[in-house]
Amino acid sequence: MKAPSWRRAVLKVGSALIAPDETGVSTKYLLPIARFINECRERGQEVVLVSSGSVAAGRKHIPFEHQKLPVTVRKAMSAVGQNEMMAYWSRFFDFPCAQLLMTHSDLRDRARYVSIKNTLNRLLEHNVLPVVNENDALATDEMKVGDNDNLAAMVATLVDADALFICSDIDGLYDADPNVNPDAKKIPVVEQIDESIYSLAGGSVSAVGTGGMRTKVEAAEKATSHGIDTYIVNGRKGETFESLLQGEIPGTLFRRQSDPISNKKHWLRHTLVAQGEVLIDEGAEKALLENGASLLSSGIVDVQGDFDRGDAVLVRSANDTDAIAKGICQYSSHELMHIKGQQTEDIAEQFGYSPITEVIHRDDLMILEDS
Ligand code: GLU
């Protein structure tokens, strides 16, 4: 069976691969992963890396004898380990790496969510490899996602990825516990995640990171429901990456539940409640309907309602009452009132920095007749 093709993926690398002996970062398993990332990029595929291991990497710098780490020690380890980990990743590539540290509270906050999304998209456009981790050094428990499997699924949704690879030290999901049952068989493809799949995941926990099989299945459920094919593969085996490059499925594939585009359109149309309206001129209407363009400030005539950055809005022609599109607005209604009708270059002066060109990016816009 061939793996589905993809254009943008999130690759999650677990602590057990970054610092397998808990004596700092090791190149042991990272080289084949780096080669894989390189090869994908050469093929024109985009990769976002979600890398765990800051705490595991930092352990050697802050010796602590007891297994259960106090929170402050853990934070200190992550701060020093994160730095070391980034240095390793940067060394493997001849293109730049960018570090993004975030927490659940950043992803929950609409304005910060949009800002992270824009930054990630700009980095990818400029061929930089984004390396994401949780901001462990600062985050309190209430602010955290807690494990990087779920974080990777959220990032995959955020960047509209079509594949998520969770690389760990396990071969995939088995129909029984392989440590106990010698007849346990790996499940190559999961079509639908339900309770029976969760019961197979059990409570297995990795010794080094915070995730186990359960968090991986949770991540797979999140991602597949957003139209993202999710793989659990063994990153300790070099041949895993060879197989992936050949289009094979070396671990377990959790199949996406729908097409990512139609899924997003469905979400935009049916789930997001429009908070206001953006009225546009004829030129902008033509650009949206006939040229598949994004909405720019120059075509905006008026703004109605009170909305924040990242809110959904309806777009309609100033001469008509029917909405023609719905999309996620990169500016608040207040900001739009100031910039409507202006060319992007002129807005820079008002804002004091170069603004986002698209008021509504094409990827975040759906034409209502289309649906
Ligand atoms: N963010 C944690 C770290 O860098 C890892 C969390 C996880 O293992 O899932 O150490």
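Counting convention: from 1, in listed order, for ligands and their atoms alike. Position 1 is the first residue of the sequence; numbering continues from there.
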Self-check item: Spatial distance of atom CD (Glu46) from atom CG (Leu120) [nearest 0.5 Å]
Solution: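 Answer rounded to 0.5 Å: 11.0 Å.
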
Self-check item: Salt-bridge present (Asp149, Lys12; N to O < 4.0 Å)
Solution: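 Salt bridge present between Asp149 and Lys12.
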
Check whether any N or O atom of [X], backbone or side chain, sits under 3.5 Å from an N or O atom of ligand 1, and answer yes or no.
X: Gly146; result: no
X: Ala56; result: no
X: Asp136; result: yes

Quiz item: Can you name the closest pair of heavy atoms from Val145 and Thr103 and give their distance?
Solution: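 Scanning both residues completely, I find the closest heavy atoms to be CG2-C, 4.5 Å.
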
For [X], counting its heavy atoms only, list the atoms of ligand 1 lying under 4.0 Å from any of them.
X: Ser54; result: 3 (C), 4 (O), 10 (O)
X: Asn148; result: 1 (N), 6 (C), 7 (C), 9 (O)
X: Ser15; result: 8 (O)

Practice problem: Tell me which one of Leu101, Asn133, Asp147, Ile18 gets a heavy atom nearest to atom 4 (O) of ligand 1. | Solution: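 Checking each option, the heavy atom nearest atom 4 (O) of ligand 1 is found in Asn133.
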
Quiz item: So with a 6.0 Å cut-off around CD of Glu39, is the heavy-atom count from everything else above 12?
Solution: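 Yes - once you tally the heavy atoms of other residues, nucleotides and ligands closer than 6.0 Å, there are more than 12.
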
Quiz item: Just by distance, do the side chain of Gln330 and the backbone of Ile328 share a donor-acceptor pair under 3.5 Å?
Solution: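 Here the side-chain-to-backbone pair does not exist.
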
Quiz item: Are Arg41 and Phe95 in a cation-pi contact, defined as NZ or CZ under 6.0 Å from the six-membered ring centre and within 45° of the axis?
Solution: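 That pair qualifies as a cation-pi contact.
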
Quiz item: Does Gly53 have a non-hydrogen atom less than 4.0 Å from ligand 1?
Solution: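 Gly53 counts as a contact of ligand 1 under the 4.0 Å cut-off.
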
